[in-house]
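See below for the structure under consideration.
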Amino acid sequence: AAGVIQSPRHLIKEKRETATLKCYPIPRHDTVYWYQQGPGQDPQFLISFYEKMQSDKGSIPDRFSAQQFSDYHSELNMSSLELGDSALYFCASSLSASGRALDEQYFGPGTRLTVT
Amino acid sequence: GEDVEQSLFLSVREGDSSVINCTYTDSSSTYLYWYKQEPGAGLQLLTYIFSNMDMKQDQRLTVLLNKKDKHLSLRIADTQTGDSAIYFCAESIYGNNRLAFGKGNQVVVIP
C-alpha cells in the first residue's frame, strides 16, 4: 500500500539559509499535518491543511510557512534557518470523513534537517 | 491545554511483559493513542482508545485508561526484540485533530 512520501530524507543547510520540505500524502487523503521533533524530544504539531486550506496552526515560527496544493501535496518552507531548527520533520496525512471522530493519521518517514 | 507526560526508559527480557505509562492533563481528550518509533523511521500507530472506554485489547497490546487519574498505559505481552523502539502516547480532541505527544518511552528488549 502507498504510504506518505517525504522529500528530501536528509537536508543540510547553513544558518540564515532557506529550506523547502515536501510531503506527498497517501492517495485520496485530503488532510496533511506537519510535526517537528527535536533531538530527544516529542513531536510537536506545527500546522495542518484540509482541502488546501489551513485547518489548524500550532507552534510554527513566523519564519516558516506551508501550503497544500491542488494535488494535495504539501510544502513546508523555512527561512532564516537557525541552529535550533535542526530536527526531524514529519508529515502525516489522513482522510477526513464527516460523522467520524477519529481521523487516523499516517506518518511519513520524516525529513532530517541539520542546520550548521 | 494539552499536556502529556510519560516515563523514559524500560529494559525488558524477551518473552516478558512490558508496561509503559503516560499521564495527561486535558480531560477533554477524545482519543488517546500509542505510537511506535523505530530508529530512522516514522511514527507507527499501534492502537488507540476512545475516551469513554476503560480498556482495549489488540493482540499482544492492552491499553488501560483511567480517566479519573488521567492515566494511560500500554502493556505489551510476550515482548519481542522487534518491539525495541520508542513509544509515544498522544491525545486528540474531537474537532481538533492535532496530536499532542508525550515525551516518549524507550523500550529495549534483551534477548
Side-chain angles (χ1 to χ4, degrees), chain A residues 1 3-7 9-10 21 23-26 29-51 54-60 66 87-112, chain B residues 1-9 20-26 28-53 56 58 63 65 72 85-107:
Chain A
V4 177
I5 298 171
Q6 291 188 246
S7 68
R9 293 293 308 276
H10 301 272
L21 279 53
C23 169
Y24 298 87
I26 292 172
H29 279 193
D30 51 19
T31 306
V32 168
Y33 309 80
W34 287 96
Y35 293 85
Q36 177 193 56
Q37 184 181 26
Q41 301 298 310
D42 54 296
Q44 294 287 328
F45 171 75
L46 292 178
I47 195 166
S48 64
F49 293 87
Y50 167 68
E51 284 290 345
Q54 181 181 306
S55 54
D56 193 10
K57 187 174 180 180
S59 51
I60 183 169
L88 194 54
Y89 290 84
F90 287 111
C91 171
S93 74
S94 70
L95 174 63
S96 296
S98 60
R100 187 179 73 192
L102 173 64
D103 287 343
E104 186 173 333
Q105 295 183 30
Y106 294 84
F107 281 77
T111 294
R112 184 168 296 281
Chain B
E2 301 158 343
D3 190 10
V4 186
E5 302 178 2
Q6 50 186 128
S7 48
L8 298 176
F9 183 83
I20 307 164
N21 297 297
C22 169
T23 59
Y24 61 98
T25 58
D26 196 327
S28 56
S29 297
T30 304
Y31 285 96
L32 295 123
Y33 311 80
W34 283 103
Y35 279 84
K36 177 183 181 183
Q37 184 177 30
E38 295 179 88
L43 292 155
Q44 177 193 354
L45 177 63
L46 290 177
T47 188
Y48 62 88
I49 188 168
F50 190 50
S51 58
N52 68 353
M53 297 169 64
K56 180 179 180 181
D58 185 356
V63 179
L65 175 60
L72 181 74
I86 298 176
Y87 291 82
F88 292 92
C89 68
E91 58 180 337
S92 66
I93 301 169
Y94 180 70
N96 180 347
N97 290 329
R98 65 165 73 179
L99 294 173
F101 287 89
K103 285 280 184 275
N105 193 320
Q106 183 166 9
V107 174

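Every value quoted in this text rests on a predicted model; they were computed, and no experiment measured them. Per chain, numbering begins at 1; letters A, B, ... match sequence-line order.
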query: Side chains of Gln105(A) and Tyr35(B): closer than 4.5 Å at any heavy-atom pair?
result: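 They are in contact (side-chain heavy atoms under 4.5 Å apart), so the answer is yes.
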task: May I ask you to test the Leu99(B)-Phe107(A) pair for a side-chain heavy-atom distance under 4.5 Å?
output: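 In short, these two side chains touch, coming nearer than 4.5 Å.
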- prompt: Can you list the residues that meet the ring pair (Phe, Tyr, Trp, His ring centres under 6.0 Å) rule with Phe90(A), with sequence neighbours excluded?
  reply: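 Ring pair (Phe, Tyr, Trp, His ring centres under 6.0 Å) list for Phe90(A), sorted by chain: empty.
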Region of [X] that comes under 4.5 Å of a non-hydrogen atom in chain B:
{"X": "Arg9(A)", "value": "side chain"}
{"X": "Leu88(A)", "value": "side chain"}
{"X": "Tyr35(A)", "value": "side chain"}

message: With chain B as the partner, which of Asp42(A), Val4(A), Thr31(A), Asp56(A) has the greatest number of non-hydrogen pairs under 4.5 Å?
response: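 Of the options given, most contacts go to Asp42(A).
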- prompt: Among Lys57(A), Arg112(A), Gln6(A), which has the most heavy-atom pairs under 4.5 Å with chain B?
  reply: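 Result: the option with the highest number of such pairs is Lys57(A).
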message: On a heavy-atom basis, which atom in Gln37(A) and which in Phe88(B) lie closest, and how many Å separate them?
response: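 In terms of heavy atoms, the two residues are closest at NE2-CZ, 3.4 Å.
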- prompt: How far apart are the closest heavy atoms of Pro43(A) and Leu43(B), and which atoms are they?
  reply: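 Nearest pair, atom of Pro43(A) first, then Leu43(B): CG-CD1, 3.8 Å.
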field: Arg98(B) CZ to Gln44(A) CD distance, which is reported to the nearest 0.5 Å
entry: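 Between Arg98(B) CZ and Gln44(A) CD, I get 10.0 Å after rounding to 0.5 Å.
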- prompt: Considering only heavy atoms, which portion of Gln37(B) lies under 4.5 Å from any heavy atom of chain A: side chain, backbone, both, or neither?
  reply: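 It is the side chain, since no backbone atom gets that close.
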